[in-house]
**Q** 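Pasting in a structure now, in structure tokens, and then I'll have a few things to ask.
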Number of protein chains: 2
Amino acid sequence: MRLSTRGRYGVKAMFDLALNSSDEPVSIKSIAERQGLSEAYLEQLMAGLRKAGLVKSVRGAQGGYVLSDSPDKITVGDIIRSLEGSMAPVDCVIEDEETNCEKAEYCVTRLVWERIRDSINQVVDSITLQDMIEDYKRLHQRKAKNED
Amino acid sequence: MRLSTRGRYGVKAMFDLALNSSDEPVSIKSIAERQGLSEAYLEQLMAGLRKAGLVKSVRGAQGGYVLSDSPDKITVGDIIRSLEGSMAPVDCVIEDEETNCEKAEYCVTRLVWERIRDSINQVVDSITLQDMIEDYKRLHQRKAKNED
DNA sequence: TTTAAAACCGAGTAATTTACTCGGCTTTCT
DNA sequence: AGAAAGCCGAGTAAATTACTCGGTTTTAAA
């Protein structure tokens, strides 16, 4: 049940974008540097995020990426699902996909998988980039205090 | 974030065991038949469940497996974790494993992973084999009604 | 006491997935 | 014109998954 690097790096990158956003777009290079990711790989992920409509790209020199919406409107769930697909723990409970299992209606384990899926969706959809920014500020404040 | 077949088959097998348990042990062969699983593969999984202490084995002819505890004491979480390991979405938040990431204390994404992990644990630990048996009975009752 | 039914065990393996890299093309600012 | 960026498709080594197989040991029953 591990997330792949796509989801992990994707969340990191989007957080970085949220934290470092201004009116100028942010380049893959700078995100990759700050977050310690491979540029070429991150490029793939950004393509996915763009196709999902979570970021907008600006081509050409001085180009880069910007969030499509404000940080409090983008959730961790949006990010992970756009890069990894459904959070369903098994294929037969992927949302909006009719299952080809004819026993589905009377399947007990199916109920279990649905509950797991729903609970994961609930957490990831409840965490926005804004929440992460606030956590970040809190942690840094405390860090500064500790280092006195 | 899919479960592997180990976890899926494991839950199925344990449910089967709970449902078909009497004073006689239940053989791998019969579980595999009812659940449509490969005998040889299921054998591996049962070994894992035995090592985790969830089932006890009876060797020799007429042997098989029995639950180590009553169905209301065994959770889906126990089963999945014993076959797949921690439900942590990333390695750095596996329970009882100190992380080698020195930024851990100030890591924002880490907080996200912890929340996901905790929420998954909470659901899977809240579902017992007894719950599944009751779901099964409910579904079958309704099925019988529908088929009138 | 033989036989057969079962669990136990370790090793091997094909297929799939993951986590990338690479090279070239296009766009656009300076 | 040149450089800095994004865009795109293909390729690949390593890891993981989902198994299988062959043999050993144990034990109930005929």
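Chain letters run A, B, ... following the sequence lines, proteins first, then strands; residues in each count from 1.
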**Q** Between residues 83-91 of chain B and DNA chain D, which residues have a heavy-atom gap below 4.0 Å?
**A**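 Correct list: empty, so none.
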**Q** At less than 4.0 Å, is any side-chain N or O atom of B/Ser4 found next to OP1 or OP2 of D/dA18? Yes or no.
**A**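 For D/dA18, OP1 or OP2 has a side-chain N or O of B/Ser4 closer than 4.0 Å.
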**Q** Is A/Arg2 near enough to C/dT18 that one of its side-chain N or O atoms lies under 4.0 angstrom from OP1 or OP2?
**A**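 So the side-chain polar atoms of A/Arg2 never come under 4.0 Å of the phosphate oxygens OP1 or OP2 of C/dT18.
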**Q** Encode nucleotides 20-30 of chain C as B, S and - characters from 5' to 3', where the letter depends on protein heavy atoms closer than 4.0 Å: B to the base, S only to sugar-phosphate, - to neither.
**A** BB----BBBB-
**Q** Not counting sequence neighbours, which residues clear side chain to side chain contact (heavy atoms under 4.5 Å, CB included) with B/Leu111? List them please.
**A**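 Partners of B/Leu111 by the side chain to side chain contact (heavy atoms under 4.5 Å, CB included) criterion, ordered by chain and then number, come out as A/Asp135, A/Leu139, B/Glu114.
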**Q** Only counting residues at least two apart or in another chain, list the ones meeting salt bridge (charged side-chain N to carboxylate O under 4.0 Å, His left out) with B/Asp16.
**A**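 For B/Asp16 the salt bridge (charged side-chain N to carboxylate O under 4.0 Å, His left out) partners, ignoring immediate neighbours, are B/Arg34.
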**Q** Using residues 64-85 of chain A as the side-chain source, report each donor-acceptor pair under 3.5 Å to any protein atom, sequence neighbours left out, with the distance given to one decimal.
**A**
from    : atom 1 : to       : atom 2 : distance (Å)
A/Ser68 : OG     : A/Gly53  : O      : 3.0
A/Ser68 : OG     : A/Leu54  : O      : 3.3
A/Ser68 : OG     : A/Val55  : N      : 3.2
A/Ser68 : OG     : A/Val55  : O      : 3.4
A/Ser70 : OG     : A/Asp72  : OD1    : 2.7
A/Thr75 : OG1    : A/Gly77  : N      : 3.3
A/Thr75 : OG1    : A/Asp78  : N      : 3.0
A/Thr75 : OG1    : A/Asp78  : OD1    : 3.4
A/Thr75 : OG1    : A/Asp78  : OD2    : 3.1
A/Asp78 : OD2    : A/Thr75  : N      : 2.9
A/Arg81 : NH1    : A/Asn121 : OD1    : 2.9
A/Arg81 : NH1    : A/Asp125 : OD1    : 3.3
A/Arg81 : NH2    : A/Asp125 : OD1    : 2.7
A/Ser82 : OG     : A/Asp78  : O      : 3.3
A/Ser82 : OG     : A/Ile79  : O      : 2.9
A/Glu84 : OE2    : A/Ser4   : N      : 2.9
A/Glu84 : OE2    : A/Ser4   : OG     : 2.9
A/Glu84 : OE2    : A/Gly7   : N      : 2.9

**Q** Could you work out, with side chain to side chain donor-acceptor pair (under 3.5 Å) as the rule, every residue matching B/Thr109, not counting sequence neighbours?
**A**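 Side chain to side chain donor-acceptor pair (under 3.5 Å) check on B/Thr109 returns nothing, list empty.
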**Q** Over how many whole Å does the gap from A/Glu24 atom CD to D/dA5 atom C1' extend?
**A**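 Whole-Å distance recorded here is 14 Å.
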**Q** Side-chain N or O of A/Arg50 less than 4.0 angstrom from OP1 or OP2 on D/dC7?
**A**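 True: A/Arg50 side-chain N/O within range (under 4.0 Å) of D/dC7 OP1/OP2.
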**Q** For D/dA5, take OP1 and OP2 only and decide whether either is under 4.0 Å from a side-chain N or O of A/Ser57.
**A**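 So the side chain of A/Ser57 is outside the cut-off, no N or O lying under 4.0 Å from OP1 or OP2 of D/dA5.
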**Q** For A/Gln130, what residues pass the side chain to side chain donor-acceptor pair (under 3.5 Å) criterion, not counting sequence neighbours?
**A**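 For A/Gln130 the side chain to side chain donor-acceptor pair (under 3.5 Å) partners, ignoring immediate neighbours, are A/Glu134.
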**Q** Not counting sequence neighbours, which residues clear side chain to side chain contact (heavy atoms under 4.5 Å, CB included) with B/Gln122? List them please.
**A**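 Applying side chain to side chain contact (heavy atoms under 4.5 Å, CB included) to B/Gln122 gives none.
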**Q** Would A/Ser38 and A/Tyr9 count as having a side-chain donor-acceptor pair, cut-off 3.5 Å?
**A**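 No - no donor-acceptor pair under 3.5 Å links their side chains.
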**Q** Rounding to an integer number of Å, can you tell me how far B/Arg6 CZ sits from D/dT17 P?
**A**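 After rounding, the gap between these two atoms is 9 Å.
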**Q** My understanding is that only residues two or more places apart in sequence, or in another chain, count here; which of them pass side chain to side chain donor-acceptor pair (under 3.5 Å) with A/Thr128?
**A**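 Applying side chain to side chain donor-acceptor pair (under 3.5 Å) to A/Thr128 gives A/Asp131.
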